[in-house]
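This report concerns only the one structure given below.
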2 protein chains.
Amino acid sequence: MPSAKRAVPAVRVLPEPPDLPAPLPEPAAADLRLETVFGALSDPLRLFIVRRLLLESEEFDHPCGWFGLDRPKSSLTHHFKALREAGLIRQRQYGLERRSHVRVADLDARFPGLLDLVTAWTPPA
Amino acid sequence: MPSAKRAVPAVRVLPEPPDLPAPLPEPAAADLRLETVFGALSDPLRLFIVRRLLLESEEFDHPCGWFGLDRPKSSLTHHFKALREAGLIRQRQYGLERRSHVRVADLDARFPGLLDLVTAWTPPA
DNA sequence: CATGCAGTACGATTGGAGTCGTACAAACAA
DNA sequence: TTGTTTGTACGACTCCAATCGTACTGCATG
């Protein structure tokens, strides 16, 4: 049984309006690799980002400024790109902002239980 | 529900004979970190080792020669040490051999579902 | 004791990842 | 048009992990 929060998907998938900006380049669901996903999640900052998206995203995607991370912008670009290229998040460009959400359906299908581990994670002391 | 193979623990825990060699230094169960475990499993060779231990271990631990890995011994030492220090395997010295098994109970308690992901993994083409 | 075997220790090398400053591009608002 | 905002691109630096050769230790067996 998924956690209570996970019961509500972070992003609606079925009734997706067709006028969304195209996602940035990302691996297809069938090409997701467990070792690559593990590698992307071995960084505490990226684990924090994915967990926060899972726990606090309601129906909206979020730009990377939303996280309030105390890092230079060029560092954040690096980490969001790493997450996207590993297949963990999808990013779309909305005007100035590049908004992200977790690829919940793809990840649950390929790696059942993985996102529950991320949700249950707590940052180091 | 765990996979069929996982239903039989790789190593008996309860009726453990008290005359076993002491385990090599390893993190306590309470100190296991998800990001560290993910890091250890982001290497395909280590993923292969853990999966093989989960799938093919019956009641015995295995020395690293058992895997038939085509790597120099010094490389294998490196990877088994990485797995042990991340808390994924326990190693005991039996005469010449240093035998390993997965810390199934500890990992299932701290990260439920993780080992099922490893079991379901398939090496890259 | 002498030999052989499992595995370690150490060191060198290599490549890649994390970090960040600076300069720049694109979109929007006044 | 000019300025502001969001984020990228590029490059430099540092550090760590992966790889492996060589020498060594410790145990076992004849």
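Chain letters run A, B, ... following the sequence lines, proteins first, then strands; residues in each count from 1.
Listed pair S74(A) / dG21(C) fails the phosphate criterion, with no side-chain N or O lying under 4.0 Å from OP1 or OP2. Between R46(B) and the phosphate of dA18(D), there is a side-chain N or O to OP1/OP2 separation shorter than 4.0 Å. OP1 or OP2 of dT19(D) sits under 4.0 Å from a side-chain N or O of H79(B). For dG7(D), neither phosphate oxygen OP1 nor OP2 lies less than 4.0 angstrom from any side-chain nitrogen or oxygen of T77(A).
Atom CZ in R99(B) sits about 12 Å away from atom P in dA6(C), given to the nearest Å. Rounded to whole angstrom, the span from the CZ atom of F80(A) across to the P atom of dC20(C) amounts to 15 Å. Rounded to an integer number of Å, the gap from CG of L83(B) to C1' of dA17(D) is 14 Å. Rounded to whole Å, atom C1' of dC16(D) lies 10 Å from atom NE2 of H78(B). When the C1' atom of dA26(C) is taken as reference, atom CD of Q93(A) falls 8 Å away, rounded to whole Å. A straight line from NZ of K73(A) to P of dG21(C) spans 12 Å, rounded to a whole angstrom. Distance CD (E97(B)) to P (dG26(D)): 18 Å, rounded to an integer number of Å. Spacing between atom CG of L96(A) and atom C1' of dA27(C) amounts to 4 Å, rounded to whole angstrom units.
The two residues A86(A) and A40(A) make their nearest non-hydrogen contact at CB-CB, 3.6 Å.
Side-chain contact between R92(B) and H101(B) is present, with at least one heavy-atom pair separated by less than 4.5 Å. Taking the side chain as every heavy atom from C-beta outward, R98(A) and L24(A) approach each other to under 4.5 Å.
Candidate nucleotides dT19(D), dT8(C), dG21(C) were compared by shortest atom distance to the side chain of D43(B), and dT19(D) ranks first.
Because its NZ or CZ atom is both nearer than 6.0 Å to the ring centre of W66(A) and within 45° of the ring axis, R52(A) counts as a cation-pi partner of that residue.
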